[in-house]
Amino acid sequence: MSSGMSAGPGPEPGKDPGREPELEPEPELEPEERTRGGLMGSQHRWIYLGSIVLLIGMLVTGILAFTQVHATNEANRKASQLSDTLRAAGYPVPSQDQIVRTLGTDGGAVCANPSNALVQAQWKYGMSNGAGGPGQRPVLSDRQVVLGEAIVLSVYCPDKLSAIKDKIDDLDLRDTVRD
């Protein structure tokens, strides 16, 4: 046996057996070598970025689809409720699709601000004889025509119904439409 080689699994000559071996520091990497390793290695960078963008796109699409389906279900439910209420009151009922497109989930223009002075003026203008200028005259409107809006308000925005109910009660309404 030569003196430079150990004969068995013992400690190396000149080393303390109770001490852990010292690790040599890793050599400093060049800047181009640093980008090759790690999570965003140059050869896989585009795969990772593409996957992240794809996942974010799928997440956004899923959230939008869920929101749209939820809104559509709510609009269909309210339109069905309005159809049933109008039919029970004896009104002609438009198609469910027309109601959904016109009133949506929040009642659209009907519920925007029904007790507003401008809205009331347009509402009363609709209850006139249709002439323009000095020939325009108010007419006695039919009770059913005016109460139709109250039915829509009761389904889509019941919190605003009380404000308009007082104004409806102040009108001189008659049963003018023949069956």
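Only this structure's heavy atoms are used, side chains among them; waters, hydrogens and symmetry mates stay out. Note that the numbering runs from 1 along the sequence shown for the chain.
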Quick check: closest heavy atoms across [X] and [Y], and the distance to 0.1 Å?
X: Ala75; Y: Gly104; answer: CB-O, 3.6 Å
X: Ser83; Y: Pro94; answer: OG-O, 4.5 Å
X: Ala112; Y: Lys160; answer: O-NZ, 3.3 Å
X: Cys111; Y: Tyr156; answer: SG-CB, 3.7 Å

What distance separates [X] [atom1] from [Y] [atom2], expressed to the nearest 0.5 Å?
X: Asn76; Y: Thr105; atom1: CG; atom2: OG1; result: 11.0 Å
X: Glu74; Y: Asp106; atom1: CD; atom2: CG; result: 9.0 Å
X: Lys78; Y: Ser80; atom1: NZ; atom2: OG; result: 13.0 Å
X: Arg101; Y: Ser95; atom1: CZ; atom2: OG; result: 6.5 Å
X: Gln81; Y: Ile151; atom1: CD; atom2: CD1; result: 11.5 Å

Connected via hydrophobic side-chain network under 4.5 Å: Leu82 and Val100
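Each belongs to a different hydrophobic cluster.
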Counting only heavy atoms from other residues, nucleotides and ligands, does the tally under 6.0 Å from NZ of Lys165 exceed 12?
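Check fails, neighbour count at 12 or below.
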Among Leu153, Leu161, Val155, which residue meets the side-chain contact (heavy atoms from CB on, under 4.5 Å) test with Cys157?
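Answer to the side-chain contact (heavy atoms from CB on, under 4.5 Å) test with Cys157 among Leu153, Leu161, Val155: Leu153.
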Does Asp84 have any salt bridge (charged side-chain N to carboxylate O under 4.0 Å, His left out) partners at least two apart in sequence or in another chain, and if so, which?
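Applying salt bridge (charged side-chain N to carboxylate O under 4.0 Å, His left out) to Asp84 gives Arg87.
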Please tabulate, for the side chains in residues 49-64, all donor-acceptor contacts under 3.5 angstrom to protein atoms that are two or more places apart in sequence or on a different chain.
{"unit_1": "Ser51", "atom_1": "OG", "unit_2": "Ile47", "atom_2": "O", "d": "2.8"}
{"unit_1": "Thr61", "atom_1": "OG1", "unit_2": "Gly57", "atom_2": "O", "d": "2.8"}

